[in-house]
*Asks:* 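Questions regarding the structure given below will be posed in turn.
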Amino acid sequence: MQAIISSKQQKELLTISALNRLNRANLASEIGLSKPTLRKILISRAPIIVNNQTYLRVNTWLSSQAKGDEQ
């Protein structure tokens, strides 16, 4: 199955990684993605078609970061 990463999700990834001073290798490791997949997500024009597993990993990581901000 395929899913779509929106421009909002792409911006959130870039913003959170910058605030936490994560380089692409560290960000890919935290999310559980390969570096080429993360690169595609960060530099491609949204919407970006990805497989379902990639979509779930990105959204899980984003939501865990949002929960960390609330605390």
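Computed from a predicted structure; not experimentally measured.
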*Asks:* Could you state the interatomic distance from CZ (R57) to CG (L62), rounded to the nearest 0.5 Å?
*Replies:*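 Answer for the CZ-CG pair, R57 versus L62, is 14.0 Å.
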*Asks:* Please output the side-chain donor-acceptor pairs of residues 27-35 that fall under 3.5 Å, not counting sequence neighbours, one pair per line with the distance.
*Replies:*
unit_1: E30; atom_1: OE1; unit_2: W61; atom_2: NE1; d: 3.0
unit_1: S34; atom_1: OG; unit_2: T37; atom_2: N; d: 3.2
unit_1: S34; atom_1: OG; unit_2: T37; atom_2: OG1; d: 2.9

*Asks:* Under the side-chain contact (heavy atoms from CB on, under 4.5 Å) test, which residues partner R24, sequence neighbours left out?
*Replies:*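 So R24 forms a side-chain contact (heavy atoms from CB on, under 4.5 Å) with L38, R39, L42, I43.
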*Asks:* Quick one: does N20's side chain have a donor or acceptor within less than 3.5 Å of a partner on I16's backbone?
*Replies:*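 At least one qualifying donor-acceptor pair exists.
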*Asks:* Among residues at least two apart in sequence or on other chains, which ones pass side chain to side chain donor-acceptor pair (under 3.5 Å) with N59?
*Replies:*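 If we apply the side chain to side chain donor-acceptor pair (under 3.5 Å) test to N59, skipping adjacent residues, the hits are Q9, Y55.
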*Asks:* Can a donor-acceptor pair be found, under 3.5 Å and without considering hydrogens, that links the side chain of Q10 to the backbone of I41?
*Replies:*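 Yes; judged by distance alone, with no hydrogens or angles, the pair exists.
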*Asks:* How many angstroms lie between CD in Q65 and OG1 in T15, if you round to the nearest 0.5 Å?
*Replies:*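 Answer rounded to 0.5 Å: 12.0 Å.
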*Asks:* Can I get a per-line list of side-chain donor-acceptor pairs under 3.5 Å for residues 45-54, giving both atom names and the distance, sequence neighbours left out?
*Replies:*
unit_1: N51; atom_1: OD1; unit_2: Q53; atom_2: N; d: 3.1
unit_1: N51; atom_1: OD1; unit_2: T54; atom_2: N; d: 2.8
unit_1: N51; atom_1: OD1; unit_2: T54; atom_2: OG1; d: 3.0

*Asks:* Mind checking whether I5 and L14 sit in one hydrophobic cluster, side chains of I, L, V, M, F, W, Y counted as touching below 4.5 Å?
*Replies:*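 Both belong to a single hydrophobic cluster.
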*Asks:* Might you point out which heavy atoms bring N26 and L22 nearest each other, and give the distance in Å?
*Replies:*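 Taking every non-hydrogen atom into account, CB-CD2, 4.1 Å.
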